[in-house]
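Letters A, B, ... are given to chains in the order of the sequence lines, protein chains preceding strands, and every chain is numbered from 1.
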Amino acid sequence: MQLYNTLTRKLEQFEPTDPEDVKLYTCGPTVYDYQHIGNYSAYVRWDTLVRVLQASGYDVHWVMNITDVGHLVSDADEGEDKLEKGAKREGKSAWDIAKFYMDDFMLGLTALNIQTPTHIVRATDHIAEQIELVKTLEQKGYTYTIDDGVYFDTSKSKDYGKLARLDLAGLQAGARVELNPQKRGATDFALWKLTPTGQKRDMEWDSPWGKGFPGWHLECSAMSMKYLGETLDIHTGGIDHIPVHHINEIAQSEAATGKQFSRFWLHCNHLLVENTKIAKSAGNGILLHHLAEQGFTPLDVRMLLLQSHYRTQANFTHGALQAARQRRLALQAFADLRFQTIDGGELDAAAFEQTKAVMLEELKEDLHTPEALAALSDLVTAGETNLVSANAHAAFVEFLDFVDATLGLQLLASSDITSEQKQLIREREEARRNKDFAKADQIRLALDANHLAVRDTPLGTIWSRTA
RNA sequence: GGCACCUUGGCGGAGUGGUUACGCAGAGGUCUGCAAAACCUUUUACACCGGUUCAAUUCCGGUAGGUGCCUCCA
């Protein structure tokens, strides 16, 4: 499999260290608010990665974190984090906020047919591991303590910022953030933040350095290493994570272990809405339930995302979502032909095998989902024209299973029509043979009331769902 | 100010040094008892200006426009 590795900025052949098992870590959400479609787009992308790895024969140990503490509102902030802020906003505790939005996130994953990671881990459940990691770094001399916390000294880090290819000198000159004057370097980052004297936070823990909470980057290193070991095969995240979060993860992890933290780094680009960055201030953070109100399902969103490549900046528009929905419905109608394979149908097992091979090849080439869909659409066209041979029924179902496994569109979730509905179709065919067109049209209306459309082919009547 | 990316037909969106991406929408047609569906065809797409080349949308340089990151962010 070929994957684009941000470390080298090149497509590389991917093989896991353990040939049986891929160790994959994905940066998950901070659960202080609803996740919008932009947030979810990343998880659809990484779910696709997992699916393709699985289809390529690997077991995947997939860990995703839930950040339920410690992401500061800004670098210059005096200690308020998003959870605390959300709690203040809603008059609840930070713990309640985290639970509520994490539960909502999990529902969103299910709705989008994103597989549940092997481990989905909360930062607050791993405070001890994070403290241990800081202790290790302290023992190895990578830290210093100032009035508001324990910091990582990036000047001691070998190749700091290599992933981001940062111009550190330029970065410092152009820094707009007010630094804590005690910080030794502009890029140094907090490992443990101390609760200011006299204050009480919803979330705080005792530590060797005093009461406080872990720094922003610590959890990913501590939890990924706990569940996957010191070297990951693949670490994924949004493109925005490259310059700060991921270089800091690398710095602290590699300082602690002396080993490479992750062999591959994959980053997805952001989804725009109407060609604009999704931002709270722009009010364009569309939620899944907004789309549901307009009659779109989460799978329509999934289709929209599959039509673009994960490293491009895709654009979400109402028109594009409509188009994606139409395409998905056409695909579903094709899948429903498995209930209607027919003697004389021309699509045979070989056609399914061939398309599967093309799709898998495209997907294994850095997740070329648009090309995989194009190959699928070609087959759909052929199937609608020539119908599916009765001999190919098993191959067809197997093929659809492959498509569901890789693209996650749940094509096999539909069921056959009822025997009553089938009887109606037979009666209509009989009426047409008898040239009793009035009766035939009457039955067609009855079928329409059942949300079924029929089309008459030389080989017989084929139905499709209209809703 | 620094760094990076992008500019493809009505919309979305791939890809390639010479061959139809694909999807959605529109138009015409075929088929059909009819309607629908389905299928076929279709509007000569690659921002602009140079360069390299037998040949560039596809490589190089420049211009214009756009976006992202540098600051919590998928």
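Taking atom C1' in both B:rU20 and B:rA45, the straight-line distance is 13 Å, to the nearest Å. Taking the P atoms as reference points, B:rG66 lies 38 Å from B:rC54, given to the whole Å. Look at the P atom in both B:rC3 and B:rG61: the space between them is 16 Å, to the nearest Å. For the P atoms, the distance from B:rG18 to B:rA27 is 35 Å, rounded to whole Å. Nucleotides B:rU52 and B:rG10 have their P atoms positioned 32 Å apart, rounded to a whole Å. B:rG9 sits 14 Å from B:rA47 when the C1' atoms are compared, rounded to a whole Å. When the P atom is used for both B:rC5 and B:rC59, the distance is 13 Å, rounded to whole Å. B:rC24 and B:rG13 have their C1' atoms separated by 11 Å, with the value rounded to a whole Å.
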Intermediate values then yes/no, salt bridge (Lys or Arg N to Asp or Glu O under 4.0 Å), A:K92 and A:D202: CA-CA 10 Å; A:K92 298 175 183 168; A:D202 284 346; over 6 Å; no
Intermediate values then yes/no, salt bridge (Lys or Arg N to Asp or Glu O under 4.0 Å), A:D336 and A:R338: CA-CA 5 Å; A:D336 286 346; A:R338 73 189 185 279; 3.7 Å; yes
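Pairing for B:rC11 is with B:rG23, a Watson-Crick or G-U wobble pair whose two hydrogen-bonding atom distances lie under 3.5 Å. Pairing of B:rC3, defined by two Watson-Crick or G-U wobble distances under 3.5 Å, is identified with B:rG68.
Proximity of A:T385 to the phosphate of B:rC40: no side-chain N or O atom is located under 4.0 Å from OP1 or OP2. Neither OP1 nor OP2 of B:rG23 sits under 4.0 Å from any side-chain N or O of A:Q326. The shortest distance between the side-chain N/O atoms of A:K277 and the OP1/OP2 oxygens of B:rA74 is not below 4.0 Å.
Ring to ring, A:F352 and A:F396 are close: their centroids are under 6.0 angstrom apart. In this structure, A:Y227 has its ring center closer than 6.0 angstrom to the ring center of A:H126. Within the 6.0 Å centre-distance limit, the rings of A:Y34 and A:Y101 are counted as a close aromatic pair.
The CG atom of A:D240 sits 12 Å away from the C1' atom of B:rU71 (whole-angstrom rounding). One can place NE2 of A:H267 at 17 Å from P of B:rA4, the figure rounded to the nearest angstrom. Atom CZ of A:R327 and atom C1' of B:rA14 are 10 Å apart (whole Å). B:rA74 atom C1' lies 12 Å from atom CD of A:Q313, rounded to whole Å. In this structure, A:H246 places its NE2 atom 21 Å from P of B:rA4, rounding to the nearest Å. Rounded to an integer number of Å, the gap from A:L306 CG to B:rG12 P is 18 Å.
Within residues 451-461 of chain A, the residues that place at least one heavy atom under 4.0 Å from RNA chain B are, in residue-number order, A:V454, A:R455, A:D456. Within residues 355-379 of chain A, the residues approaching RNA chain B are A:H368, A:P370, A:E371, A:A374, A:S377, A:D378, by heavy-atom distance under 4.0 Å.
Position along RNA chain B of the nearest nucleotide to A:C268 versus A:G319 favours A:G319 as the more 5'-ward residue.
For a distance-only test at 3.5 Å, the side chain of A:N315 fails to qualify as a donor-acceptor partner of the base of B:rG13. Side-chain to base pairing of A:R444 with B:rA35: one donor and one acceptor N or O lie within less than 3.5 Å of each other.
Shown here are the ring pair (Phe, Tyr, Trp, His ring centres under 6.0 Å) partners of A:F296, two or more places apart in sequence or in another chain: A:H318. A:H368 is linked by a ring pair (Phe, Tyr, Trp, His ring centres under 6.0 Å) to A:H309, counting only residues two or more places apart in sequence or in another chain. Looking at residues two or more places apart in sequence or on another chain, you find a ring pair (Phe, Tyr, Trp, His ring centres under 6.0 Å) between A:F105 and A:Y40, A:Y43.
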Scan the side chains in residues 446-454 of chain A for donor-acceptor partners under 3.5 Å anywhere in the protein, sequence neighbours excluded, and list what turns up.
residue : atom : partner : partner atom : Å
A:N450  : OD1  : A:Q421  : NE2          : 3.2
A:N450  : ND2  : A:A446  : O            : 2.9

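Listed for the A:E429 side chain is a donor-acceptor partner under 3.5 Å among the backbone atoms of A:T461.
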